[in-house]
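For this chain, numbers begin at 1 and follow the sequence in order. A quick note: this is a predicted structure, and the numbers were derived from the prediction, not measured.
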Amino acid sequence: MAAAAAAAAGESAGELLRRAAALVPAEHYALAALVAVSVLAYRFVELHVIGDLLRGLRGRRVELTFHPASEIYHCVASKCRSLHGRYLATPWLASPHLQTLFLGIHGRPPSFTYKRQLYTVRDGGTIALDWLLAFDLEDEIISKDSSTPLLVVVPGLTSDSDAAYAKHLVHSMARKGWNVVVSNHRGLGGVSITSDCLYNGGWTEDVREVINYLHRKYPKAPMFCVGTSIGANILVKYLGEEGESTPLAGAASICSPWDLVVCDRFISRKLVQRFYDKALAFGLKGYAKLHQPVLARLANWEGIKKSRSIREFDHHATCIVAKYETVDTYYRRCSSASFVGNVSVPLLCISALDDPLCTREAIPWDECRANKNIVLATTQNGGHLAFFQGLTAGKLWWVGAVSEFLCALHDSSYMHQQKAEEHVLHSSLESSIDKSPYVNILGDGMIAPVGNDGPPSSQISDDLKPNATVNSTQEDEEAKEVENRSGTDGDAMPAQSPAAAGSTKQQGEERYADKIRDAMAPVKRSVNKLARYQGRSVWLLAYVALVTSWPLLGSLAFMLFRKKSRHPLSAK
């Protein structure tokens with residue numbers, strides 16, 4: 001009886017609840033659903049327009065990370081208003097995803113035409129150099145003695161000189177009177193792959209060769225470089241490999257991935273990031289299809305066609321062509337975060353903390369803070385390479401910041417000057433003997449440590465061979481000039497006798513011997529220094545052995561003396 005009454009009461013309560021819900025208008029349910037969907041979409045797309053409104057559309061301050069004693073910050077970056085102001089994103093693009101998507105679809109780039117130059121590297125590969133000369137330059141040819149600053153731009157993954165962000169930067173610097181050249185990656189910019197080598201996230205040989213070529217061609221022009229996205233990773237890695245020997249006077253890194261392993265884990269973590277992963281993999285497969293005859297021969301073409309992520313593409317293409325054991329091996333060896341400590345050039349690094357591709361987790365905060373040459377600028381918003389500002393989204397904030405920094409650096413006395421590599425012996429004098437048990441003696445007397453895998457290519461300057469060619473050519477020209485003078489001015493310079501010719505040959509041999517002696521002098525000094533340290537180490541080792549074994553030797557001597565003193569008594 002009681003159970004039936006409880007069931008009737010339950011049914012009546014459910015019926016009452018249903019009737020109450022039916023009394024609510026359908027428009028209210030639709031409004032509630034719309035609010036719920038809006039909240040989820042706001043969180044999913046990572047909108048921040050409400051936060052911007054609550055802050056009065058003032059934006060957020062740019063956070064700077066630098067060494068306390070950094071002269072680059074105090075004398076260069078401190079003069080840049082953009083780095084000490086606030087950044088407010090375009091209100092209708094108040095999301096990192098919307099900014100990145102709009103940059104990829106349109107980006108509102110300025111309209112101009114490049115002047116193309118095809119450059120062939122040593123292995124036969126072809127690189128497209130797209131030029132935009134200074135707007136106030138009357139001629140369309142740069143003089144060899146020109147002192148106009150030169151900017152080299154390294155684009156991102158599957159991007160070329162036609163990318164919207166590249167055009168924004170190139171146009172801005174050309175308007176300021178700079179000559180700008182975009183160094184496109186191999187196989188991009190409408191150029192075919194002409195060798196069995198492809199570019200990747202850590203391939204610095206092309207950047208090194210292009211920079212050395214431009215420096216030899218325009219030796220009086222101060223040269224700067226800006227890398228974007230994967231191009232920023234390549235640039236920072238190059239700067240760390242070269243150290244003081246790079247001809248660059250300054251550089252800027254925009255939205256670098258820094259640590260490829262961390263970014264690989266990040267891009268496959270969330271649903272939104274997986275969309276980017278698939279989109280970039282689609283772009284890489286499009287790049288592969290353009291060069292199918294080459295990649296079908298060098299890589300796993302069937303695996304490339306089935307790739308649905310960047311990691312899968314790197315597994316079937318990059319690791320095979322570049323001969324990396326695994327994808328993680330490729331990522332670890334090519335991450336620029338490991339090379340930050342050796343950067344010797346004034347470097348501005350810009351990253352957005354909401355970057356949907358290059359996570360903040362990969363930023364090497366401590367390494368940047370420890371290097372006096374680096375200023376790291378981070379913003380709360382900006383997306384990947386976007387940083388749109390203004391109601392019309394006609395400008396990129398980072399372009400103005402880079403322009404201010406490079407111009408201030410060019411007007412200062414803190415531009416990097418190329419230095420010849422010092423002849424330093426990296427041996428066990430300063431570290432354990434396991435770090436550099438062997439040395440490699442280069443042609444100019446430079447000594448570099450060699451591991452089990454041989455000398456790293458990054459420690460061998462790529463302009464040694466071109467310089468040697470130039471020097472030998474100059475000597476040949478001087479010899480021809482002497483011969484011409486001796487042939488035309490017969491009265492002033494009579495023909496040399498055999499004895500004189502022998503003397504000239506002997507002088508040449510002596511000069512060659514002097515060059516060899518000069519080249520070997522640093523080696524001898526380093527070996528002598530090593531010998532002195534080795535001698536000191538031997539004496540120190542003997543002293544330590546004597547001190548530590550003295551109690552044992554004293555006890556042994558006392559026992560022997562006592563045994564001998566007792567032996568005669570027992571005989572008696």
Exercise. Is any side-chain N of the basic residue among R265 and E361 closer than 4.0 Å to the acidic one's carboxylate O?
Worked result: no

Exercise. Hey, are the side chains of V181 and M223 touching, using non-hydrogen atoms and a 4.5 Å cut-off?
Worked result: no

For this session: For the pair N233 (side chain) and G201 (backbone), establish whether a donor and an acceptor sit closer than 3.5 Å, ignoring hydrogens and angles.
Result: yes

Exercise. With distance as the sole test, does S146 use its side chain to make a donor-acceptor pair with the main-chain N or O of T148 at under 3.5 Å?
Worked result: yes

Problem set entry | Neighbour count >12 (heavy atoms, 6.0 Å) for atom CZ, F282 | no

Problem set entry | Note: D277-R269 ion pair, threshold 4.0 Å (strictly below) | no

For this session: Kindly indicate whether the side chain of S268, heavy atoms from C-beta on, has any atom under 4.5 Å from the side chain of R311.
Result: no

For this session: Before giving the answer on side-chain contact (heavy atoms from CB on, under 4.5 Å), spell out for C225 and V154 the whole-Å C-alpha distance, their side-chain angles and the decisive distance to 0.1 Å.
Result: CA-CA 8 Å; C225 189; V154 185; 3.9 Å; yes

Exercise. Would K306 and E302 pass as an ion pair if we require N to O under 4.0 Å?
Worked result: no

For this session: Determine, for F313 and K285, whether the Lys NZ or Arg CZ falls below 6.0 Å from the six-membered ring centre while staying within 45 degrees of the axis.
Result: no

Problem set entry | Aromatic plane relationship, W178 with F224 - under 30° parallel, 30 to 60° tilted, over 60° perpendicular | tilted

Exercise. Got a salt bridge between D196 and R297, using NZ or NE/NH1/NH2 to carboxylate O under 4.0 Å?
Worked result: yes

Exercise. If you measure only the distance, is there a donor-acceptor pair under 3.5 Å linking the side chains of T326 and T329?
Worked result: yes

For this session: Indicate yes or no for a side-chain donor-acceptor contact from W301 to the backbone of L295 under 3.5 Å, with no hydrogens or angles considered.
Result: no

Exercise. Does a donor on one side chain sit under 3.5 Å from an acceptor on the other, for H416 and E244?
Worked result: yes

Problem set entry | Crowding at CZ, R274 (>12 non-hydrogen neighbours, <6.0 Å) | yes

Problem set entry | Worked check of side-chain contact (heavy atoms from CB on, under 4.5 Å) between S403 and M173 | CA-CA 7 Å; S403 175; M173 298 307 296; 3.8 Å; yes

For this session: State, yes or no, whether a side-chain contact exists between L396 and F388 at a heavy-atom distance under 4.5 Å.
Result: yes

Problem set entry | Nearest-0.5 Å distance that lies between atom CG in L239 and atom OG in S336 | 10.0 Å

For this session: Please answer whether the main-chain N or O of G107 pairs with a side-chain N or O of H168 as donor and acceptor at a distance below 3.5 Å.
Result: yes

Exercise. Given I127 and Y213, is the side-chain contact (heavy atoms from CB on, under 4.5 Å) satisfied, shown in steps?
Worked result: CA-CA 12 Å; I127 297 176; Y213 158 73; over 6 Å; no

Exercise. Has the side chain of N373 got a donor or acceptor atom that lies under 3.5 Å from a matching backbone atom of V343?
Worked result: yes

For this session: State whether the number of non-hydrogen atoms from other residues, nucleotides or ligands found under 6.0 Å of H315 atom NE2 is greater than 12.
Result: no

Problem set entry | Inter-residue atom distance D162.CG - L188.CG, 0.5 Å rounding | 11.0 Å

Exercise. Of all heavy-atom pairs between I267 and L280, which one has the smallest distance, and what is that distance?
Worked result: CD1-CD1, 4.2 Å

Exercise. Aromatic rings Y114 and F112: how do their planes relate, parallel, tilted or perpendicular, breaks at 30° and 60°?
Worked result: perpendicular

Exercise. Measuring from T228:OG1 to I234:CD1, what's the distance to the nearest 0.5 Å?
Worked result: 9.5 Å

Seminar exercise, completed: In short, T100 meets P96 closest at the heavy-atom pair OG1-O, 2.7 Å

Exercise. Do Q99 side-chain atoms and F387 backbone N/O form a donor-acceptor pair below 3.5 Å?
Worked result: yes

For this session: Return yes if some donor-acceptor pair links the side-chain N/O of N371 with the main-chain N/O of V340 below 3.5 Å, else return no.
Result: yes

Problem set entry | Nearest atoms (heavy-atom pairs only) where C349 meets I374 | SG-CG2, 4.1 Å

Seminar exercise, completed: Value for NZ (K115) from CG (L132), rounded to nearest 0.5 Å, stands at 11.5 Å

Problem set entry | Euclidean distance, L260 CG relative to D328 CG, rounded to 0.5 Å | 10.5 Å

Exercise. Is the closest side-chain donor-acceptor distance between Y238 and T246 under 3.5 Å?
Worked result: yes

Problem set entry | 4.5 Å side-chain heavy-atom contact, H384 and C358 | yes

Exercise. So, does S147 use its side chain to make a donor-acceptor pair with the main chain of K220 at under 3.5 Å?
Worked result: no

Problem set entry | Between S195 and R186, a side-chain donor and acceptor under 3.5 Å | yes

For this session: Could you tell me which non-hydrogen atom of K237 sits nearest to which non-hydrogen atom of R333, and how far apart they are?
Result: CE-O, 3.5 Å

Exercise. Side-chain contact, heavy-atom cut-off 4.5 Å: L198 with T318?
Worked result: no

Problem set entry | Heavy-atom closest pair, residues V182 and P155 | CG1-CG, 3.8 Å

Exercise. Are any of the side-chain heavy atoms of K278 and R308 separated by less than 4.5 Å?
Worked result: yes

For this session: Kindly compute the distance separating SG (C334) from OH (Y324), expressed to the nearest 0.5 Å.
Result: 3.5 Å

For this session: For the pair H291 (side chain) and G187 (backbone), establish whether a donor and an acceptor sit closer than 3.5 Å, ignoring hydrogens and angles.
Result: yes

For this session: Check the side chains of N179 and Y218 for a donor-acceptor pair under 3.5 angstrom, ignoring hydrogens and angles.
Result: no

Exercise. Should L151 and K176 count as side-chain neighbours, where that means a heavy-atom distance under 4.5 Å?
Worked result: no

Exercise. Under 3.5 Å, side chain of D259 to main-chain N/O of A362, donor-acceptor pair present?
Worked result: no

Problem set entry | Distance-minimising heavy-atom pair for V121 and E209 | CA-OE2, 3.3 Å

Problem set entry | Min side-chain heavy-atom separation I310-Y276 under 4.5 Å | no

For this session: Assess the side chains of S229 and Y165: does a donor N or O sit below 3.5 Å from an acceptor N or O?
Result: no

For this session: Evaluate the side-chain contact (heavy atoms from CB on, under 4.5 Å) criterion for residues T204 and F339: first the C-alpha distance (whole Å), next the side-chain angles of each, then the deciding distance (0.1 Å), finally the verdict.
Result: CA-CA 12 Å; T204 59; F339 298 84; over 6 Å; no

